[in-house]
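The next block holds one structure in the form of C-alpha coordinates; read it before the comments.
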Protein chains: 2
Amino acid sequence: MVKAPRCGPYICGIDAALDVVSGKWKGLILWELDAHRVRRFAELRRGLPGVSEKMLTQHLREMEQDGLVHRKVYAEVPPRVEYSLTEHGRTLNQALEPLGAWGVERIRREGSEVVDTAKASR
Amino acid sequence: MVKAPRCGPYICGIDAALDVVSGKWKGLILWELDAHRVRRFAELRRGLPGVSEKMLTQHLREMEQDGLVHRKVYAEVPPRVEYSLTEHGRTLNQALEPLGAWGVERIRREGSEVVDTAKASR
DNA sequence: TGCGGTACTTACCTTTTTGTAAGTGAGGAG
DNA sequence: CTCCTCACTTACAAAAAGGTAAGTACCGCA
(Lines give C-alpha, C1' and ligand atoms only; values in the text may rest on other atoms or scores of the structure.)
Protein backbone atom coordinates (compact mmCIF):
# COMPACT_ATOMS: atom_id res chain seq x y z
CA MET A 1 0.00 0.00 0.00
CA VAL A 2 1.38 3.36 -1.01
CA LYS A 3 1.83 5.92 1.72
CA ALA A 4 -0.49 8.86 1.23
CA PRO A 5 1.26 12.21 0.99
CA ARG A 6 0.81 14.55 3.91
CA CYS A 7 -2.51 16.15 3.08
CA GLY A 8 -4.58 16.73 6.16
CA PRO A 9 -7.32 17.23 7.02
CA TYR A 10 -5.84 20.04 9.04
CA ILE A 11 -7.20 22.06 11.91
CA CYS A 12 -4.99 25.09 11.34
CA GLY A 13 -1.94 26.36 9.48
CA ILE A 14 0.52 25.22 12.15
CA ASP A 15 -0.84 21.74 11.64
CA ALA A 16 -0.23 21.85 7.91
CA ALA A 17 3.26 23.26 8.34
CA LEU A 18 4.33 20.87 11.09
CA ASP A 19 3.13 18.00 8.94
CA VAL A 20 5.85 18.65 6.38
CA VAL A 21 8.68 19.37 8.85
CA SER A 22 8.06 16.62 11.35
CA GLY A 23 10.48 13.84 10.68
CA LYS A 24 13.70 13.37 12.56
CA TRP A 25 15.94 14.96 9.93
CA LYS A 26 13.75 17.23 7.85
CA GLY A 27 14.67 20.43 9.61
CA LEU A 28 18.34 19.67 9.12
CA ILE A 29 17.92 18.71 5.48
CA LEU A 30 16.12 21.98 4.87
CA TRP A 31 18.94 23.83 6.52
CA GLU A 32 21.76 22.01 4.74
CA LEU A 33 20.13 22.67 1.39
CA ASP A 34 19.55 26.29 2.29
CA ALA A 35 23.17 26.77 3.32
CA HIS A 36 24.75 25.04 0.31
CA ARG A 37 22.04 25.62 -2.34
CA VAL A 38 22.90 22.28 -4.02
CA ARG A 39 23.93 19.01 -2.40
CA ARG A 40 24.47 15.47 -3.55
CA PHE A 41 23.06 12.50 -1.65
CA ALA A 42 26.36 11.52 -0.08
CA GLU A 43 27.11 15.14 0.85
CA LEU A 44 23.83 15.40 2.75
CA ARG A 45 24.55 12.08 4.39
CA ARG A 46 27.88 13.35 5.65
CA GLY A 47 26.27 16.60 6.77
CA LEU A 48 23.70 14.90 9.01
CA PRO A 49 25.48 13.04 11.81
CA GLY A 50 23.88 9.63 12.34
CA VAL A 51 21.29 9.56 9.57
CA SER A 52 20.81 6.23 7.82
CA GLU A 53 20.60 5.96 4.06
CA LYS A 54 17.06 4.66 4.32
CA MET A 55 15.78 7.61 6.36
CA LEU A 56 17.58 10.11 4.17
CA THR A 57 16.02 8.77 0.96
CA GLN A 58 12.64 8.47 2.65
CA HIS A 59 12.68 12.05 3.89
CA LEU A 60 13.99 13.42 0.61
CA ARG A 61 11.26 11.61 -1.32
CA GLU A 62 8.57 12.99 0.99
CA MET A 63 9.94 16.49 0.77
CA GLU A 64 9.99 16.17 -2.98
CA GLN A 65 6.32 15.12 -2.94
CA ASP A 66 5.59 18.08 -0.71
CA GLY A 67 7.20 20.42 -3.19
CA LEU A 68 10.00 21.55 -0.88
CA VAL A 69 12.92 19.87 -2.60
CA HIS A 70 13.97 19.49 -6.20
CA ARG A 71 15.72 16.31 -7.32
CA LYS A 72 17.92 16.31 -10.42
CA VAL A 73 19.28 13.02 -11.70
CA TYR A 74 22.23 12.90 -14.09
CA ALA A 75 22.36 9.85 -16.32
CA GLU A 76 25.97 9.09 -15.46
CA VAL A 77 28.01 6.27 -14.07
CA PRO A 78 28.66 6.40 -11.19
CA PRO A 79 25.21 7.89 -10.54
CA ARG A 80 24.85 11.54 -9.65
CA VAL A 81 21.82 13.15 -8.02
CA GLU A 82 21.60 16.76 -6.92
CA TYR A 83 19.14 18.09 -4.39
CA SER A 84 18.12 21.71 -3.94
CA LEU A 85 15.31 23.72 -2.39
CA THR A 86 12.31 24.84 -4.39
CA GLU A 87 10.73 28.24 -3.88
CA HIS A 88 8.33 26.71 -1.32
CA GLY A 89 11.26 25.15 0.49
CA ARG A 90 12.97 28.51 0.75
CA THR A 91 9.89 30.29 2.09
CA LEU A 92 9.35 27.49 4.60
CA ASN A 93 12.88 27.99 5.78
CA GLN A 94 12.24 31.68 6.27
CA ALA A 95 9.08 30.87 8.22
CA LEU A 96 11.12 28.59 10.46
CA GLU A 97 13.64 31.25 11.38
CA PRO A 98 11.83 32.72 14.42
CA LEU A 99 11.19 29.19 15.67
CA GLY A 100 14.88 28.40 15.34
CA ALA A 101 15.73 31.53 17.32
CA TRP A 102 13.27 30.49 20.04
CA GLY A 103 14.90 27.07 20.12
CA VAL A 104 18.36 28.54 20.51
CA GLU A 105 17.06 30.56 23.45
CA ARG A 106 15.55 27.44 24.97
CA ILE A 107 18.84 25.54 24.63
CA ARG A 108 20.58 28.41 26.35
CA ARG A 109 17.96 28.54 29.13
CA GLU A 110 17.99 24.84 29.81
CA GLY A 111 21.64 24.25 29.22
CA SER A 112 20.67 21.36 26.94
CA GLU A 113 23.30 19.32 25.25
CA VAL A 114 24.21 20.29 21.75
CA VAL A 115 25.78 18.08 19.13
CA ASP A 116 27.39 20.56 16.79
CA THR A 117 28.03 24.03 18.13
CA ALA A 118 28.57 25.54 14.71
CA LYS A 119 24.99 24.73 13.79
CA ALA A 120 23.35 25.51 17.12
CA SER A 121 23.73 29.23 16.59
CA ARG A 122 20.79 29.12 14.24
CA MET B 1 11.32 3.71 34.00
CA VAL B 2 10.49 7.39 34.04
CA LYS B 3 10.25 9.20 30.73
CA ALA B 4 13.01 11.77 30.38
CA PRO B 5 11.85 15.31 29.60
CA ARG B 6 12.65 16.64 26.17
CA CYS B 7 16.23 17.77 26.58
CA GLY B 8 18.30 17.02 23.53
CA PRO B 9 21.05 16.68 22.60
CA TYR B 10 20.07 18.99 19.79
CA ILE B 11 21.72 19.77 16.50
CA CYS B 12 20.17 23.21 16.10
CA GLY B 13 17.49 25.54 17.42
CA ILE B 14 14.79 24.19 15.13
CA ASP B 15 15.45 20.81 16.66
CA ALA B 16 14.97 22.12 20.19
CA ALA B 17 11.82 24.00 19.26
CA LEU B 18 10.22 21.16 17.31
CA ASP B 19 10.90 18.87 20.23
CA VAL B 20 8.44 20.76 22.41
CA VAL B 21 5.74 21.28 19.74
CA SER B 22 5.76 17.85 18.18
CA GLY B 23 2.87 15.91 19.52
CA LYS B 24 -0.42 15.55 17.74
CA TRP B 25 -2.26 18.25 19.71
CA LYS B 26 0.40 20.55 21.12
CA GLY B 27 0.09 23.23 18.48
CA LEU B 28 -3.64 23.37 19.04
CA ILE B 29 -3.35 23.46 22.81
CA LEU B 30 -0.93 26.34 22.51
CA TRP B 31 -3.37 28.13 20.31
CA GLU B 32 -6.45 27.50 22.44
CA LEU B 33 -4.65 28.79 25.48
CA ASP B 34 -3.38 31.80 23.60
CA ALA B 35 -6.84 32.66 22.34
CA HIS B 36 -8.69 32.23 25.66
CA ARG B 37 -5.86 33.02 28.12
CA VAL B 38 -7.31 30.54 30.65
CA ARG B 39 -9.00 27.21 30.01
CA ARG B 40 -10.21 24.33 32.15
CA PHE B 41 -9.44 20.72 31.24
CA ALA B 42 -12.91 19.97 29.88
CA GLU B 43 -12.97 23.22 27.91
CA LEU B 44 -9.73 22.28 26.15
CA ARG B 45 -11.13 18.83 25.52
CA ARG B 46 -14.16 20.31 23.80
CA GLY B 47 -11.96 22.73 21.86
CA LEU B 48 -9.83 19.98 20.30
CA PRO B 49 -12.01 17.77 18.10
CA GLY B 50 -11.13 14.12 18.64
CA VAL B 51 -8.54 14.35 21.40
CA SER B 52 -8.69 11.63 24.05
CA GLU B 53 -8.47 12.46 27.74
CA LYS B 54 -5.28 10.48 28.03
CA MET B 55 -3.47 12.37 25.27
CA LEU B 56 -4.67 15.71 26.56
CA THR B 57 -3.35 15.09 30.07
CA GLN B 58 -0.14 13.66 28.68
CA HIS B 59 0.50 16.65 26.44
CA LEU B 60 -0.43 19.14 29.14
CA ARG B 61 1.93 17.47 31.61
CA GLU B 62 4.78 17.56 29.11
CA MET B 63 4.14 21.18 28.24
CA GLU B 64 4.12 21.99 31.93
CA GLN B 65 7.50 20.28 32.33
CA ASP B 66 8.77 22.24 29.33
CA GLY B 67 7.72 25.47 30.99
CA LEU B 68 5.12 26.40 28.35
CA VAL B 69 1.97 25.91 30.37
CA HIS B 70 0.95 26.82 33.89
CA ARG B 71 -1.39 24.53 35.83
CA LYS B 72 -3.46 25.86 38.70
CA VAL B 73 -5.46 23.43 40.84
CA TYR B 74 -8.31 24.62 43.05
CA ALA B 75 -9.03 22.45 46.07
CA GLU B 76 -12.73 22.21 45.30
CA VAL B 77 -15.28 19.54 44.70
CA PRO B 78 -15.95 18.95 41.89
CA PRO B 79 -12.28 19.48 41.00
CA ARG B 80 -11.24 22.56 39.09
CA VAL B 81 -7.99 22.96 37.17
CA GLU B 82 -7.09 25.96 35.08
CA TYR B 83 -4.44 25.99 32.36
CA SER B 84 -2.73 29.06 30.94
CA LEU B 85 0.39 29.93 28.97
CA THR B 86 3.59 30.96 30.66
CA GLU B 87 5.80 33.69 29.25
CA HIS B 88 7.78 31.05 27.32
CA GLY B 89 4.56 29.64 25.95
CA ARG B 90 3.55 33.05 24.67
CA THR B 91 6.89 33.72 22.98
CA LEU B 92 6.80 30.25 21.41
CA ASN B 93 3.40 31.07 20.00
CA GLN B 94 4.76 34.27 18.49
CA ALA B 95 7.64 32.33 16.98
CA LEU B 96 5.12 29.94 15.43
CA GLU B 97 3.15 32.67 13.70
CA PRO B 98 5.13 32.81 10.42
CA LEU B 99 5.01 29.03 10.27
CA GLY B 100 1.25 29.12 10.70
CA ALA B 101 0.97 31.64 7.89
CA TRP B 102 3.10 29.39 5.66
CA GLY B 103 0.82 26.48 6.54
CA VAL B 104 -2.31 28.43 5.63
CA GLU B 105 -0.72 29.19 2.26
CA ARG B 106 0.10 25.53 1.78
CA ILE B 107 -3.47 24.51 2.56
CA ARG B 108 -4.69 27.04 0.02
CA ARG B 109 -2.17 25.82 -2.59
CA GLU B 110 -2.95 22.17 -2.17
CA GLY B 111 -6.63 22.51 -1.53
CA SER B 112 -6.16 20.27 1.50
CA GLU B 113 -9.11 19.38 3.62
CA VAL B 114 -9.71 21.51 6.66
CA VAL B 115 -11.62 20.51 9.75
CA ASP B 116 -12.59 23.84 11.24
CA THR B 117 -12.57 26.84 8.93
CA ALA B 118 -12.68 29.35 11.76
CA LYS B 119 -9.31 28.14 12.95
CA ALA B 120 -7.66 27.59 9.59
CA SER B 121 -7.30 31.29 9.01
CA ARG B 122 -4.40 31.28 11.37
C1' DT C 1 41.28 -9.64 -7.30
C1' DG C 2 39.52 -6.95 -3.84
C1' DC C 3 38.11 -2.66 -2.03
C1' DG C 4 35.82 1.85 -1.98
C1' DG C 5 32.59 5.08 -3.90
C1' DT C 6 27.87 6.28 -6.21
C1' DA C 7 22.62 6.23 -4.90
C1' DC C 8 19.72 3.82 -3.66
C1' DT C 9 15.98 -0.58 -2.25
C1' DT C 10 14.32 -4.24 0.59
C1' DA C 11 13.22 -7.08 4.59
C1' DC C 12 12.97 -7.25 9.24
C1' DC C 13 13.00 -5.57 13.94
C1' DT C 14 12.61 -2.15 17.79
C1' DT C 15 10.99 2.02 19.71
C1' DT C 16 7.83 5.66 20.11
C1' DT C 17 3.46 7.51 19.73
C1' DT C 18 -1.34 7.34 19.75
C1' DG C 19 -5.89 5.22 20.65
C1' DT C 20 -9.56 2.53 23.42
C1' DA C 21 -11.87 1.41 27.25
C1' DA C 22 -12.48 1.14 31.84
C1' DG C 23 -12.12 2.74 36.74
C1' DT C 24 -12.00 6.62 40.58
C1' DG C 25 -14.85 9.46 44.03
C1' DA C 26 -17.67 13.11 45.29
C1' DG C 27 -21.58 16.22 44.10
C1' DG C 28 -25.77 17.82 41.68
C1' DA C 29 -29.99 17.13 38.48
C1' DG C 30 -34.02 14.57 37.57
C1' DC D 1 -31.59 5.66 42.49
C1' DT D 2 -29.46 6.50 38.22
C1' DC D 3 -26.95 9.24 35.39
C1' DC D 4 -23.93 13.05 34.39
C1' DT D 5 -19.85 16.16 35.33
C1' DC D 6 -15.20 17.10 36.86
C1' DA D 7 -10.14 15.74 36.09
C1' DC D 8 -7.87 12.52 35.84
C1' DT D 9 -5.18 7.26 35.92
C1' DT D 10 -4.29 2.65 34.31
C1' DA D 11 -3.80 -1.41 31.28
C1' DC D 12 -3.71 -2.91 26.96
C1' DA D 13 -3.66 -2.68 21.80
C1' DA D 14 -2.64 -0.66 17.40
C1' DA D 15 -0.20 2.19 14.38
C1' DA D 16 3.54 4.96 12.94
C1' DA D 17 8.26 6.10 12.93
C1' DG D 18 12.87 4.93 12.98
C1' DG D 19 17.06 1.75 12.92
C1' DT D 20 20.06 -2.31 11.01
C1' DA D 21 21.98 -4.87 7.72
C1' DA D 22 22.22 -6.63 3.43
C1' DG D 23 21.82 -6.50 -1.69
C1' DT D 24 22.16 -4.00 -6.45
C1' DA D 25 25.13 -2.57 -10.52
C1' DC D 26 28.66 -0.32 -12.34
C1' DC D 27 33.23 2.32 -12.16
C1' DG D 28 38.09 3.44 -10.81
C1' DC D 29 42.22 2.45 -8.14
C1' DA D 30 45.97 -0.57 -6.71
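Reminder, nothing fancy here: chain letters follow the sequence lines and each chain counts from 1.
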Tabulate protein N/O versus nucleotide N/O from nucleotides 19-24 of chain D, keeping only pairs under 3.5 Å, one per line.
from: D:dG19; atom 1: OP1; to: A:Lys24; atom 2: NZ; distance (Å): 2.3
from: D:dG19; atom 1: N7; to: A:Lys54; atom 2: NZ; distance (Å): 2.8
from: D:dG19; atom 1: O6; to: A:Lys54; atom 2: NZ; distance (Å): 2.4

Fill in the blank from the handout: Atom CD of B:Gln58 and atom P of C:dT16 are separated, to the nearest Å, by 13 Å

Handout entry: Closest approach of A:Arg90 to A:Leu85 (non-hydrogen atoms, all atoms of both residues)
Key = NH1-O, 3.2 Å

Handout entry: Full working for salt bridge (charged side-chain N to carboxylate O under 4.0 Å, His left out) between B:Asp66 and B:Arg6
Key = CA-CA 8 Å; B:Asp66 291 337; B:Arg6 289 136 301 291; 2.7 Å; yes

Practice task
Take atom CG of A:Leu60 and atom P of C:dA7, then tell me their distance rounded to the nearest Å.
Solution key: 11 Å

Problem - Presence of A:Arg61 side-chain N/O under 4.0 Å of C:dT9 phosphate oxygens OP1/OP2 - result: yes

Handout entry: d(CZ, A:Arg80; C1', C:dG5) in whole Å
Key = 15 Å

Handout entry: Earlier contact from the 5' end, DNA chain D, for B:Val73 and A:Pro78
Key = B:Val73

Handout entry: A:Leu30 side, atom CG; A:Asn93 side, atom CG - distance, nearest 0.5 Å
Key = 4.5 Å

Exercise for the section: Kindly confirm or rule out a cation-pi arrangement of A:Arg109 over A:Trp102, judged by NZ or CZ under 6.0 Å from the six-membered ring centre and within 45° of its axis? Expected result: yes

Completion exercise
Checking C:dT6, D:dG18, C:dT9 against the side chain of A:His59 (C-beta onward), the nearest is D:dG18

Exercise for the section: Assign A:Tyr83 to base, sugar-phosphate, or nothing according to its heavy-atom contacts below 4.0 angstrom with the strands shown. Expected result: sugar-phosphate

Practice task
Assign B:Arg39 to base, sugar-phosphate, or nothing according to its heavy-atom contacts below 4.0 angstrom with the strands shown.
Solution key: nothing

Handout entry: Atom-to-atom span, OH of B:Tyr74 to P of C:dA26 - whole angstrom
Key = 23 Å

Practice task
Round to the nearest Å and state the distance from A:Glu76 atom CD to D:dG28 atom P.
Solution key: 12 Å

Practice task
Just call it for A:Arg40: base, sugar-phosphate, or nothing, with non-hydrogen atoms closer than 4.0 Å on any strand.
Solution key: sugar-phosphate

Completion exercise
Judged by nearest nucleotide, the residue sitting upstream toward the 5' end of DNA chain C, B:Ser22 or A:Arg71, is A:Arg71

Handout entry: Qualifying residues under side-chain contact (heavy atoms from CB on, under 4.5 Å), relative to B:Arg39, sequence neighbours excluded
Key = B:Glu32, B:Leu33, B:His36, B:Glu43, B:Leu44

Completion exercise
side-chain contact (heavy atoms from CB on, under 4.5 Å) with B:Val69: of B:Met63, B:His59, B:Lys26, only one passes, and it is B:Met63

Exercise for the section: Grab the two heavy atoms, one from A:Leu96 and one from B:Ile14, that are nearest each other, plus how far apart they are. Expected result: O-CD1, 3.4 Å

Practice task
Starting from C1' on D:dC4, measure out to CZ on B:Arg46 and report it in whole angstrom.
Solution key: 13 Å

